[in-house]
Structure formats: structure tokens, C-alpha cells
Amino acid sequence: DIAPARSQGDSLAVLRAIYSRCRADSRIALGSRRDGAEGPRYLTNVAVGDLDSMLPPILEHAVEETQYVMLNTLHARHAVKRPFAGEPQYFRARNDSVEELNALYLDLDVGRAEGPASIPAPMALGMVLIAVQQGRVPLPSLAALSGRGAYAVWLLRGDEEGDPPPRATYEAVARWRAVELELHRRLDHVFSDGSATAVARWLKRPGTVDTLKVQGRETKSGREVIYMTFGYALARVPVYSPAQLSDLRGEQVAPPPPLAVLAACLFAVRRFDVARFGFAVGGVGAFIGARLAIVPVPAAPAAAAAAAGAA
């Protein structure tokens with residue numbers, strides 16, 4: 001058996017940070033990979049306002065299965081009929097079910113057995129940071145080691161600081177998709193999956209253990225899905241408004257972040273033990289991977305805090 005290396009409290013803290021700006025009645029969709037299915041299937045959904053009380057028993061459920069979440073929330077009309085009691089409950093989770101555009105995300109198809117995409121996930125995240133330093137993409141709010149591959153996530157808000165995420169109107173979804181595709185284009189060299197551009201998209205949840213299909217059989221990889229910040233405390237990760245991402249729909253590129261922020265990215269306060277998760281990393285991957293901050297981070301590094309204050 002594989003015991004998760006991090007506590008349920010850590011997973012809950014990450015999920016709380018992801019949905020902290022969302023409307024209380026919108027729904028967080030959860031799924032699981034079970035019964036030999038190729039991908040995730042519905043498990044249940046909970047209201048954002050009930051996250052602290054309703055999620056713990058779900059996180060404890062069937063820990064041998066890989067669990068998933070949708071970062072964009074669903075309409076309240078798709079709420080399940082009863083509280084979760086261990087049995088999957090069907091609900092509609094399609095693109096037209098989405099209520100809020102809470103995040104942009106890229107799925108980096110790396111860590112493969114052979115070929116160019118065999119680069120380890122920590123090295124791929126290091127390449128994302130290089131793209132940030134070059135001003136090609138904004139600094140991701142979060143990243144994740146998703147098993148073999150990796151995720152990069154940009155959390156979203158409305159026009160003003162503290163606003164909830166934009167509602168998924170036809171126009172807003174079109175803008176979201178344009179930015180998503182542009183992020184994919186700019187990070188295509190990191191093997192971003194161009195098909196992973198739906199607003200209703202399953203991503204592995206923090207703290208779950210990845211599973212693979214090997215010769216038709218479900219097999220645990222032994223790798224816990226770990227979400228990370230790039231040097232910031234969870235409560236202070238960058239959150240972007242549509243206006244801040246508007247340059248990604250045109251010819252301009254995102255301005256480089258302050259050097260102090262980049263320094264904090266590389267010398268974060270908590271170390272990531274690459275060998276513990278079985279990544280064969282060398283060169284840049286070891287340098288970057290060993291310095292990615294695992295959440296929860298006690299506090300933002302002083303340099304990053306100063307840079308954030310100046311911004």
C-alpha cells in the first residue's frame with residue numbers, strides 16, 4: 001500500500017486557496033478513476049461555501065483511487081441531491097455546466113518513457129520559469145507534479161482586487177479559450193497538451209496518488225500529486241484579472257516579473273526532495289526541482305513580499 005506523504009490538511013489548504021474567491025453557491029466537481037475506466041468519472045460535488053465541512057470525508061474516500069477536481073466551478077443547478085456518503089453520485093459536468101472561470105491551466109505531457117517528452121516534470125517546471133523570466137508568460141499561481149507530468153495553473157479574478165472569478169458567459173469563455181490557447185502556444189516546447197483546453201476539465205486533486213494503466217491493468221505509480229507555489233505563501237499567490245492577461249491575446253508578451261520574485265522562485269523557503277518521488281533529474285532539473293516550494297509554505301520570502309508590495 002502507498003501511504004500519502006502529506007496530510008489531508010495540506011490538501012484541504014490547497015483546495016481552499018484555489019476556490020477562495022469563488023461564489024459560495026457555486027459547485028466544486030470531484031471525480032475518481034475507478035472500475036478500470038480510462039479517465040475520471042463523477043464522484044460528487046460540493047458548494048464552495050461548504051468546502052471545509054464537506055470535503056474531509058470525500059478526501060478520505062477510496063484513497064486507493066486517483067481523485068480529480070475541476071478548477072472551474074459548476075452552476076448551483078448541478079448540485080447533487082444528497083451529501084456524500086461513500087457512493088458516487090451522477091451530476092452534469094460539461095462545458096456548459098461551468099459557472100465561474102476560476103483558472104487557466106496547462107497539462108504538461110512530460111515524464112514519458114522515451115523520446116523528447118521524457119524530460120522529468122521538475123525540469124519542465126524549470127523551463128516554465130525560464131519562459132516567465134523571458135517575459136513570455138505570467139508567473140503561474142500554482143504548479144503541480146501530477147504523477148509523470150506536471151500542471152501549470154493561473155488563478156483568475158474579476159476586474160478589481162478581491163472580485164470573484166468571471167462568470168462563464170459566452171464572451172468570457174471565448175476570451176478564456178483564446179488566452180488558454182496562447183499560453184499553450186508559448187509553452188508548446190514544454191509539451192503542453194493542446195487538447196486540454198476545455199473549461200470543464202478534470203485535473204488530479206492535491207494529495208491523491210497517481211495511477212497508471214500498464215498492459216490494461218490499473219497500477220499505482222507511487223507518486224503523490226503535489227501542488228506547489230513558486231516562492232509565495234498560498235494566500236499570496238498571483239491572481240490575474242482579464243485585463244492583466246489581455247496581452248496574451250495580442251502580439252505583446254507579458255512583462256518580466258521583478259528579479260526579486262524570480263530569486264524567490266529559485267530559493268524558496270522549503271526544499272523539494274526530488275529523489276523521494278522517483279524523478280531522475282539532472283542539470284537544470286535538479287537545480288530548479290530542488291528549490292520549488294511545497295505548499296503549505298510558512299510565509300512568502302522577504303524578497304517576494306517586498307516585490308509584491310512594490311507592485
K.L.:
Which pair of non-hydrogen atoms, one from Val80 and one from Phe91, has the smallest distance, and what is that distance?
P.N.:
CG1-CD2, 4.0 Å
K.L.:
For the OG atom of Ser118 and the CZ atom of Phe191, what is their distance to the nearest 0.5 Å?
P.N.:
8.0 Å
K.L.:
Measuring from atom CD of Gln89 to atom CG of Leu30, what distance do you get when rounded to the nearest 0.5 angstrom?
P.N.:
11.5 Å
K.L.:
Among pairs that include at least one residue of residues 95-104, which meet side chain to side chain donor-acceptor pair (under 3.5 Å), considering only residues two or more places apart or in two chains?
P.N.:
Arg21-Asn102, Arg23-Glu100, Ser26-Glu100, Thr73-Glu100, His75-Glu99, Arg92-Asp96, Glu99-Arg167
K.L.:
Quick one: does any side-chain atom of Thr66 pair with a main-chain N or O of Val209 as donor and acceptor, under 3.5 Å?
P.N.:
yes
K.L.:
Show, in sequence, the C-alpha distance, side-chain angles and deciding distance for Glu182 and Arg186, and conclude whether the salt bridge (charged side-chain N to carboxylate O under 4.0 Å, His left out) test is met.
P.N.:
CA-CA 6 Å; Glu182 184 62 18; Arg186 297 187 186 197; 2.8 Å; yes
K.L.:
Just how far is it from atom CZ of Arg77 to atom CG of Asp25, taken to the nearest 0.5 Å?
P.N.:
11.5 Å
K.L.:
Measure from the ring center of Phe230 to the ring center of Trp154 and say whether it is less than 6.0 Å.
P.N.:
no
K.L.:
May I ask you to test the Leu139-Leu129 pair for a side-chain heavy-atom distance under 4.5 Å?
P.N.:
yes
K.L.:
With side chain to side chain donor-acceptor pair (under 3.5 Å) as the rule and sequence neighbours excluded, what pairs involving residues 45-57 come up?
P.N.:
Arg16-Asp52, Arg27-Asn45
K.L.:
Do the two ring centres, one from Tyr90 and one from Tyr42, sit under 6.0 Å apart?
P.N.:
yes
K.L.:
Find the distance between CG (Leu155) and OH (Tyr19) and round it off to the nearest 0.5 Å.
P.N.:
10.0 Å
K.L.:
What distance do Leu187 atom CG and Asp193 atom CG have between them, rounded to the nearest 0.5 Å?
P.N.:
13.0 Å
K.L.:
Carefully, step by step, assess Tyr68 and Leu203 under the rule side chain to side chain contact (heavy atoms under 4.5 Å, CB included).
P.N.:
CA-CA 5 Å; Tyr68 294 77; Leu203 299 181; 5.7 Å; no
K.L.:
Got a salt bridge between Arg177 and Glu180, using NZ or NE/NH1/NH2 to carboxylate O under 4.0 Å?
P.N.:
no
K.L.:
Taking Ser11 for its side chain and Pro206 for its backbone only, find out whether a donor-acceptor pair lies under 3.5 Å.
P.N.:
yes
K.L.:
Would you call Arg148 and Asp109 a salt bridge, taking side-chain N to carboxylate O under 4.0 Å as the test?
P.N.:
no
K.L.:
Please determine if Arg157 and Glu161 form a salt bridge, counting it only when a charged side-chain N lies under 4.0 Å from a carboxylate O.
P.N.:
yes
K.L.:
How many angstroms lie between atom CZ of Arg94 and atom CG of Leu74, to the nearest 0.5 angstrom?
P.N.:
12.5 Å
